[in-house]
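For the numbers below, each heavy atom of this structure counts, side chains included, while hydrogens, waters and symmetry mates do not.
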Amino acid sequence: MTAKFAQLHRLEIVQQLTAQTPVLWNNPQQLPVSEGLTQVGLTLEDVQDAAARLQRFAPLIAEAFPESRSRGGIIESEVVALPAMQQALMQQGPLAGKLWLKKDSHLPISGSIKARGGIYEVLVLAEKLALDAGLIREQDDYRRLLAPQCREFFGRYKIAVGSTGNLGLSIGIMGATLGFQVIVHMSADAREWKKQRLRDHQVTVVEHEDDYSVAVEQGRQTAADDPYCFFIDDEHSHTLFLGYAVAGLRLPEQLAALDINVDREHPLYVYLPCGVGGGPGGVAFGLKLAFGDAVHCFFAEPTHSPCMLLGISTGYHDAISVQDIGLDNQTIADGLAVGRASGFVGRAMQSLIDGCYTLSDQRLADLQLLLHRTENIQLEPSALAGMQGPLWVCSEPTLQLEKATHLVWATGGSMVPEEEMQRYLAMGKPQ
């Protein structure tokens, strides 16, 4: 542990994180939603504005990406029951209620939760530039932005981002489709197939030997010197956060269509894999707006990279990294391999999230294999972080969860090449 944070070794939670002991941390700072929402700095109207913007762009998205046409260009995923997986997990511990999966792993365009925030931020930039240049009005058909003259206009501008992979894919694919020059700074743990997919879309990939934080910082510095380059900052972006939050506002309609009630007697528990925090933070914000105190949100992190749990539990947020307490930030969950959490998200959500928990890489691999064998669903390792949550929560003896809904948010996996997926599955041990 670095000298600056040496005093933290006395905290039990830090001792557990340093020892890489899987742990459930129930948030003692949590407030009623009516109070916690006032600390975010964003409102329901902000999220509704984001939803309206995505609706304006829906015809363009449907035109550019045929896989999105079944939903009219709305980037949304289905919710599916996991009865066989639930039965298998119940052999390992109590799991009262019903288990469901939110398949952001199968979102169109880039196949991960990042298809929400990343694509949304590109669209916000494109709309602003096009409106300022007189290329469109808000009431126009936004498909005209795919015309050659508009692509030529966008081609004058660059978009830069630092990423472990999935955010870079969403921004790279959407940005390149509109004609932007996109530069993605990738960390050392980013998968080679993600880099190649970006290059296939004529996106410039800059590789860094260090981890996510260094890739972000390099991208930020490069963009700062170019007035035509826009840096998308995963650590601080309110725009990304709002793009993710739209998912929370849409969920009540989805659950109602499945005859799932959510209220005080029928609580909703949502388990969100967490890297830097933007995706899970934004989704949780939208969920709290939609369901109030009837929804309970838990962030899930690898034992090697528990940056959000560390930041919120100590109060240091982005001033502390997992390396500061002796962890290496090395995990098979590449999308979660983040050593330092977003200070914006940590502070915004510190009174709203119900807790955080950690799990080992081997547990991620075992859950991945179990889901494949029981439900024939293939996710990347980071997306399985949420699957441990129901076992943690249902082990709490004071909770009555027979009427609860457990929703595991699957954050990525549908675009993983078959050879890579088989390597992942081979790491799991039959349960």
Side-chain angles (χ1 to χ4, degrees), residues 50 54 57-58 60-71 73-78 102-126 146 159-180 182-187 189-205 212 215 219 232 234 237 239-247 250 272-273 275-276 278-280 282-283 333-336 378-383 409-418 420-421:
L54 288 168
F57 271 99
L60 179 151
I61 292 171
E63 178 78 16
F65 301 99
E67 66 270 30
S68 72
R69 290 175 187 168
S70 63
R71 293 184 181 268
I74 294 297
I75 301 170
E76 195 47 79
S77 66
E78 63 179 337
K102 177 63 171 165
K103 294 181 71 175
D104 272 13
S105 50
H106 290 67
L107 282 173
I109 306 176
S110 63
S112 81
I113 188 175
K114 301 296 186 178
R116 299 181 186 281
I119 288 172
Y120 177 68
E121 179 133 1
V122 172
L123 298 181
V124 169
L125 173 61
L146 295 171
I159 297 174
V161 66
S163 175
T164 58
N166 286 342
L167 181 64
L169 277 176
S170 66
I171 289 170
I173 293 171
M174 190 71 241
T177 296
L178 291 174
F180 288 100
V182 186
I183 304 100
V184 179
H185 295 261
M186 305 283 274
S187 52
D189 44 43
R191 295 292 185 251
E192 190 59 40
W193 69 267
K194 294 180 181 180
K195 299 173 187 175
Q196 188 56 50
R197 182 155 295 185
L198 283 168
R199 295 186 181 108
D200 291 344
H201 283 84
Q202 283 70 58
V203 172
T204 300
V205 176
Y212 167 84
I232 296 179
D234 197 14
S237 173
T239 306
L240 282 173
F241 189 84
L242 290 171
Y244 299 126
V246 171
R250 291 176 179 164
L272 295 146
V276 75
V283 170
D334 57 305
L336 310 184
Q378 296 182 345
L379 305 177
E380 61 184 3
S382 58
W409 212 279
T411 48
S414 63
M415 293 190 175
V416 176
E418 181 60 26
E420 183 102 352
M421 183 59 71

Looking only at non-hydrogen atoms, find the nearest pair between [X] and [Y] and report the distance.
X: Ala50; Y: Val246; result: CB-CG2, 3.8 Å
X: Leu242; Y: Tyr120; result: CB-CE2, 4.5 Å
X: Pro280; Y: Pro273; result: CG-O, 3.6 Å
X: Ile113; Y: Tyr244; result: O-CE2, 3.5 Å
X: Ile75; Y: Ile61; result: CD1-CD1, 4.0 Å
X: Ser105; Y: Ser414; result: O-OG, 2.6 Å

Nearest-0.5 Å distance that lies between atom [atom1] in [X] and atom [atom2] in [Y]:
X: Lys194; Y: Ser110; atom1: NZ; atom2: OG; result: 10.0 Å
X: Thr411; Y: Leu272; atom1: OG1; atom2: CG; result: 9.0 Å
X: Thr239; Y: Leu123; atom1: OG1; atom2: CG; result: 11.5 Å
X: Ser382; Y: Asp334; atom1: OG; atom2: CG; result: 6.0 Å
X: Ile171; Y: Leu167; atom1: CD1; atom2: CG; result: 3.5 Å
X: Arg191; Y: Met186; atom1: CZ; atom2: CE; result: 11.0 Å

* Identify, with sequence neighbours excluded, every residue that meets side chain to side chain contact (heavy atoms under 4.5 Å, CB included) alongside Gln202. =>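 By the side chain to side chain contact (heavy atoms under 4.5 Å, CB included) rule, Gln202 matches no residue at all.
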
Do [X] and [Y] have side-chain heavy atoms sitting under 4.5 Å apart?
X: Ser77; Y: Arg116; answer: yes
X: Pro108; Y: Phe65; answer: no
X: Leu198; Y: Val182; answer: no
X: Leu125; Y: Val122; answer: no

* Asked: Quick one: do Arg199 and Glu192 make a salt bridge, cutoff under 4.0 Å?
  ->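 Salt bridge present between Arg199 and Glu192.
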
* Apply side chain to side chain contact (heavy atoms under 4.5 Å, CB included) to Leu146 and Leu178, showing your working. => CA-CA 6 Å; Leu146 295 171; Leu178 291 174; 4.2 Å; yes

* Step-by-step side chain to side chain contact (heavy atoms under 4.5 Å, CB included) determination, Ile74 to Arg250 -> CA-CA 11 Å; Ile74 294 297; Arg250 291 176 179 164; 3.6 Å; yes

* For Arg71, check salt bridge (charged side-chain N to carboxylate O under 4.0 Å, His left out) against everything at least two apart and list the hits. =>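 So Arg71 forms no salt bridge (charged side-chain N to carboxylate O under 4.0 Å, His left out) with any residue.
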
* To do: Assess whether side chain to side chain contact (heavy atoms under 4.5 Å, CB included) is satisfied between Ile119 and Phe57, documenting all intermediate values.
  => CA-CA 11 Å; Ile119 288 172; Phe57 271 99; over 6 Å; no

* Leu240 and Asp234: CA distance, side-chain angles, deciding distance, side chain to side chain contact (heavy atoms under 4.5 Å, CB included) verdict -> CA-CA 7 Å; Leu240 282 173; Asp234 197 14; 3.7 Å; yes

